[in-house]
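To start, the structure itself, in structure tokens.
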Amino acid sequence: MKNSLLLMLIAFISCADGKKKEDVTETTEKDYSEQHKEALAFCKEKGMSTDYYFLIDMSVHSGKNRFYTYSFKEGKITDSNMVTHGSCDVYEPNRTKYQKAKFSNRPESHCSSNGKYKIGSRDYSSWGINVKYWLHGLEESNSNAKDRVIVLHSWDAVSDSEVYPRFSPLSWGCPAVSDVFMRKLDAKLKQTEKPVLLWIL
């Protein structure tokens, strides 16, 4: 009897400890220091803004904040919010499309494209707050961005706060944000003279 109680107690402690470790992993923030260094060097080389840049980490759950504004001057992330990824289900089934972003540069694929982008001109959008910014892909992985009309815009279906464990809605490849967040990004971009870097991981 005593042995049975002891085994049950050990099992309970082990399960509780495992849950605790899982929770810690779930809330641990990622270290993007290497990306920030590379981004600054890239911006200096390309004559882009060295005030700040945008980093999107598609490996983060879509129900969490994964669009970051990083200030080179302050050396820290100054803002973050939710962002969509592409459904990537046109040419083949994508059963994990909500759980995991798939990347492709293929036209009409509805996939997100990773890599560095130059944020281009401001234009009218039929979505969200009716503002979009053209994205110019600077790498082989996203070189078709303009032809695919992969743009930064808002969508009223995107929440302005985290919805985890639920997922964000899926886009056709555009990084779409909430209307509230887009107003903040728009105000910032309009005040920035040099082109701004957007980097999708």
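Two different hydrophobic clusters hold Tyr117 and Leu138 under the rule that ILVMFWY side chains link at heavy-atom gaps under 4.5 Å. No chain of hydrophobic side-chain contacts below 4.5 Å, direct or via other Ile, Leu, Val, Met, Phe, Trp or Tyr residues, connects Tyr70 to Ile56. Note on Leu185 and Trp127: separate hydrophobic clusters, where clusters join Ile, Leu, Val, Met, Phe, Trp and Tyr whose side-chain heavy atoms are under 4.5 Å apart, directly or indirectly. In this structure, Val163 is a member of the same hydrophobic cluster as Trp155, with clusters built from ILVMFWY side-chain heavy atoms closer than 4.5 Å. Cluster membership for Val180 and Val131, using ILVMFWY side-chain heavy atoms within less than 4.5 angstrom, is not shared.
Taking the ring axis of Phe42 as reference, the NZ or CZ atom of Lys116 stays within 45° of it and closer than 6.0 Å to the ring centre.
In this view, Ser62 satisfies the side chain to side chain donor-acceptor pair (under 3.5 Å) rule with no residue, not counting sequence neighbours.
The side-chain heavy atoms of Tyr124 and Lys132, taken from C-beta on, include no pair separated by under 4.5 Å. Looking at heavy atoms from C-beta onward, Met58 lies in side-chain contact with Ser112 at the 4.5 angstrom threshold. Within the 4.5 Å cutoff, no side-chain heavy atoms of Asp123 are placed close to those of Tyr133. For the pair Thr69 and Leu55, the minimum side-chain heavy-atom distance is 4.5 Å or more. Here the side chains of Lys184 and Asp79 are in contact, with some heavy-atom distance below 4.5 Å. You'll find the side chain of His61 reaches within 4.5 Å of the side chain of Phe167, heavy atoms only. Contact annotation: the side chain of Lys37 approaches that of Glu34 to within less than 4.5 Å [non-hydrogen atoms, C-beta and beyond]. Met82 has its side chain out of reach of Phe67: every pair of non-hydrogen atoms, C-beta onward, lies at least 4.5 Å apart.
One N or O on the side chain of Ser141 and one on the backbone of Asn114 form a donor-acceptor pair closer than 3.5 Å. Listed for the Ser104 side chain is no donor-acceptor partner under 3.5 Å among the backbone atoms of Cys111. Using a distance-only test at 3.5 Å, with no hydrogens or angles considered, a donor-acceptor pair links the side chain of Asn142 to the main chain of Glu139. Checked by atom type and distance alone, the side chain of Asn105 pairs as donor or acceptor with a backbone atom of Asn144 at under 3.5 Å. Ser178 places a side-chain N or O within donor-acceptor distance of the main-chain N or O of Phe181, the cut-off being under 3.5 Å.
Scanning both residues, Ser80 and Asn65, for their nearest heavy atoms gives OG-ND2, 3.6 Å. Residues Val158 and Ala176 share a closest heavy-atom pair of CG2-O, 4.0 Å. Taking both residues in full, the closest heavy atoms of Leu152 and Met182 are given as O-CE, 3.7 Å, listed atom of the first, atom of the second, then distance. Closest approach of Ser71 and Thr78 over heavy atoms only: CB-CG2, 3.7 Å. Contact between Cys174 and Ser171 at its shortest, heavy atoms only, is O-OG, 2.7 Å.
With no hydrogens or angles considered, a side-chain donor-acceptor pair links Arg66 and His85 at under 3.5 Å. Asp179 and Ser154 share a side-chain donor-acceptor pair at under 3.5 Å. Between the side chains of Asp160 and Asn81, at least one donor N or O lies within less than 3.5 Å of an accepting N or O.
Arg166 CZ: 12 or fewer foreign heavy atoms inside a 6.0 Å radius. The neighbour count for Gln99 CD, taken as heavy atoms of other residues, nucleotides or ligands under 6.0 Å away, is above 12.
The CG atom of Asp57 lies 6.0 Å from the OH atom of Tyr68; values are rounded to the nearest 0.5 Å. The CZ atom of Arg148 sits 11.0 Å away from atom CG of Leu135, with the distance rounded to the nearest 0.5 Å. Atom OG1 of residue Thr50 and atom CZ of residue Phe72 lie 7.5 Å apart, to the nearest 0.5 angstrom. The structure places CD1 of Ile129 at 5.5 Å from CZ of Arg183, a figure rounded to the nearest 0.5 Å. To the nearest 0.5 angstrom, Lys118 atom NZ is 5.5 Å from His136 atom NE2. Annotation: the span from Phe103 atom CZ to Ser113 atom OG amounts to 8.5 Å, rounded to 0.5 Å.
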Donor-acceptor contacts, no H, no angles, side chain residues 189-201, under 3.5 Å, sequence neighbours left out:
| from | atom 1 | to | atom 2 | distance (Å) |
| --- | --- | --- | --- | --- |
| Thr192 | OG1 | Tyr52 | OH | 2.7 |
| Thr192 | OG1 | Lys188 | O | 2.8 |

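The aromatic rings of Tyr53 and His36 lie perpendicular to each other, with more than 60° between the two planes, well past the 30° mark. The aromatic rings of His110 and Trp172 sit parallel, their planes meeting at an angle under 30°, below the 60° perpendicular limit.
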Report task. Go through Lys102 and Asp89 one step at a time and tell me if the salt bridge (Lys or Arg N to Asp or Glu O under 4.0 Å) criterion holds. Result -> CA-CA 9 Å; Lys102 287 180 68 176; Asp89 57 0; over 6 Å; no
